[in-house]
Amino acid sequence: MEKIPMLVLAPLPDFLMAPLHAAHVCHDYFHAEDKNALLSEVGTEIRGIVMAGGSVSPVPLLERLPKLEIISVFGVGYDGVPVDWCQGHGIRVTNTPDVLTEDVADTASALVLMTSRRLIAANRFLHAEAWTRGPFPLAHALRGKRAGIVGLGRIGKAIAQRLEAHGMSVAYHGRARQAVAWEYFESLIELAEMADFLIVACPGGAATKHLINAAVLTALGAKGTLINIARGSVVDETALIAALQSGIIRGAGLDVFENEPQVPEALMQCENAVLLPHLGSGTHETRHEMARLVVENLAAHFSGKPLLTPVC
Ligand code: NAP
């Protein structure tokens, strides 16, 4: 069978690239020194794109791929894809939902524990041989604390279950009330006023850009910690740094940033922030499952079968 020309927009793991190379001719756009030359050379032949959840496929790029049929995202978040434009041009989009839900919820839960119990600082304390000079300062318990989840989807619900197991109560904000027992807050500000931990688990993109702004952080207040495992774009990072520096909020646990992999120096200097390098779904088990979905979605599309996980 003739191999299908594909454009690869992000660095992807070998266990995904190996099956992609087997079935397709993969052109590495991410590492191409002259991207314009690459598009001039192969753009008119490309029939598929593979990209990561955090990468982007802007319309001007897609306009140079007249034979493009499908974009397969290695991730659940597809905020880097202009989905409306794709729908209008008959281009299908797939992602990798569900298989990563538990790992990302584990990461959020870990960030809640790391910030409340100051586990990173405690680890540094011990490595600095400070224990012999006295005990580590007391931290805060989770039981009885209130979690406010922004975006109660697959991951949000899995986070809620974990936090309930820690003895916390759960409420949520989203665009609509859901048929769940957890309390719904139509107002994000009121959720933040209530919450000890405000946990962001909604999609990124224009609709949620800077949803967590200075007003929300002020409402969260000095009792509160912000956890973000969603997308960096959802949080106004400048306002967050100011809130962490001035004690407007107690702390933050972040897996995602506005301009990854760049993290502002001022944020790295914040002792009350726990920062992770976007590793929410970063386990062998989950990334292999995600890779399988990418490959199977492409195979389904190019053999005329229904997609396993269609976005559109
Ligand atoms: P999902 O099932 O689609 O859940 C998203 C939730 O957000 C839905 O409940 C949705 O509810 C809500 N939502 C949408 N727009 C909103 C808004 N403007 N304000 C508040 N809530 C809103 O998606 P998921 O699988 O849980 O994934 C959620 C996100 O996590 C992804 O989009 C991705 O960006 C991020 N993620 C991060 C990592 C990581 O490594 N850190 C890994 C995977 C995913 P309504 O539609 O009813 O409003």
Side-chain angles (χ1 to χ4, degrees), residues 10 12-13 51-56 73-81 83 93-112 114 147-163 170-180 182 184-192 195 198-213 216 226-236 252-258 260-261 263 274-287 289-291 293-294 309-312:
L12 297 171
M51 57 188 277
S55 54
V56 291
V73 181
F74 180 62
V76 68
Y78 49 84
D79 42 298
V81 181
V83 174
V93 179
T94 73
N95 63 346
T96 64
D98 298 316
V99 294
L100 46 62
T101 296
E102 307 301 331
D103 275 354
V104 183
D106 285 346
T107 304
S109 176
L111 282 169
V112 169
M114 285 192 280
I149 297 182
V150 182
L152 192 76
R154 288 168 291 234
I155 295 170
K157 289 189 181 86
I159 295 169
Q161 288 162 354
R162 281 157 175 75
L163 298 187
V170 171
Y172 70 100
H173 165 78
R175 291 177 298 183
R177 184 189 298 273
Q178 301 186 36
V180 293
W182 296 305
Y184 175 65
F185 280 68
E186 195 176 341
S187 158
L188 174 55
I189 293 282
E190 285 175 20
L191 183 80
L198 190 67
I199 300 165
V200 186
C202 63
T208 57
K209 186 169 168 63
H210 290 186
L211 191 63
I212 308 299
N213 55 22
V216 173
L226 180 77
I227 305 292
N228 186 10
I229 54 79
R231 283 284 184 266
S233 61
V234 185
V235 176
D236 179 342
L254 309 172
D255 186 42
V256 288
F257 303 89
E258 277 204 87
E260 296 174 10
V263 176
V274 173
L275 311 176
L276 303 179
H278 199 151
L279 52 66
S281 66
T283 66
H284 293 287
E285 296 84 351
T286 290
R287 290 281 167 87
E289 280 294 287
M290 291 164 63
L293 270 179
V294 167
T309 51
V311 172
C312 72

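As the structure lists them, so they are numbered: ligands from 1, and atoms in each ligand from 1.
Once rounded to the nearest 0.5 Å, the distance linking OH of Tyr78 with CE of Met51 reads 12.5 Å. Here Ile229 contributes atom CD1 and His278 contributes atom NE2; the two are 8.5 Å apart, rounded to the nearest 0.5 Å. Atom-to-atom distance recorded for Thr107:OG1 and Ile159:CD1 is 9.0 Å, nearest 0.5 angstrom. Atom CG of Asp236 and atom CD of Glu258 lie 6.5 Å apart (nearest 0.5 Å). Distance check, rounded to the nearest 0.5 Å: CG of Leu275 to CG of Asp255 gives 10.0 Å.
From the protein, the heavy atom lying nearest to atom 43 (C) of ligand 1 is Val76 CG1, 3.5 Å. For atom 1 (P) of ligand 1, the closest non-hydrogen atom on the protein side is Arg154 NH2, 3.6 Å. When hydrogens are left out, the protein atom nearest atom 29 (C) of ligand 1 is Cys202 O, 3.7 Å; that is the closest non-hydrogen contact. Nearest protein heavy-atom neighbour of atom 7 (O) of ligand 1: Pro203 CD, 3.2 Å.
Applying the 4.0 Å criterion to heavy atoms of Ser281 picks out, from ligand 1, the atoms 40 (O). Counting the atoms of ligand 1 from 1 in the order shown, those under 4.0 Å from a heavy atom of Gly153 are 2 (O), 4 (O), 6 (C), 8 (C), 9 (O), 26 (O). Within the listing of ligand 1, atoms 28 (C), 29 (C) sit less than 4.0 angstrom from a heavy atom of Ala201. Near Arg231, with a cut-off below 4.0 Å to any heavy atom, the atoms of ligand 1 are 33 (C), 34 (O), 37 (C). Atoms of ligand 1 lying under 4.0 Å from at least one heavy atom of Gly280, given by number and element, are 39 (C), 40 (O). Set against the non-hydrogen atoms of Gly174, the atoms of ligand 1 under 4.0 Å away are 20 (C), 21 (N). Close contacts of ligand 1 with His278, meaning ligand atoms under 4.0 Å from a residue heavy atom, involve 39 (C), 40 (O), 41 (N). Counting atoms of ligand 1 from 1 in the listed order, those under 4.0 Å from a heavy atom of Thr208 are 17 (C), 18 (N).
We find that Arg231 and Glu260 are not joined by a salt bridge, their nearest charged nitrogen and carboxylate oxygen being 4.0 Å or further apart.
A ring-centre distance under 6.0 Å is not found for Phe185 and Tyr172.
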Open item on the list: Working note: Asp103 + Thr283, criterion side chain to side chain donor-acceptor pair (under 3.5 Å); need CA distance, chi angles, decisive distance, verdict.
Closed with: CA-CA 8 Å; Asp103 275 354; Thr283 66; 2.5 Å; yes
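Considering only heavy atoms from C-beta on, Thr96 stays 4.5 Å or farther from Val73 through its side chain. Within the 4.5 Å cutoff, no side-chain heavy atoms of Leu254 are placed close to those of Val235. Looking at heavy atoms from C-beta onward, Val76 lies in side-chain contact with Arg154 at the 4.5 angstrom threshold.
Heavy-atom proximity to atom 27 (O) of ligand 1, evaluated over Val234, Leu100, Ile155, is greatest for Ile155. Checking Val104, Val150, Ile229 against atom 42 (C) of ligand 1, the nearest heavy atom belongs to Val104.
Contact analysis puts Ala230 in contact with ligand 1, with a non-hydrogen atom separation below 4.0 angstrom. Residue contact annotation: Gln178 has a non-hydrogen atom under 4.0 Å from ligand 1.
Between Arg175 and ligand 1, a contact under 3.5 Å exists for at least one N or O pair.
The nearest pair of heavy atoms linking Ser187 to His173 is C-ND1, 4.0 Å.
The presence of a protein heavy atom under 4.0 Å from atom 20 (C) of ligand 1 is confirmed. Note that atom 11 (O) of ligand 1 has no protein non-hydrogen atoms nearby, at separations under 4.0 angstrom.
Residue-level proximity to ligand 1 for Leu152 is carried by the backbone, the only part with a heavy atom below 4.0 angstrom.
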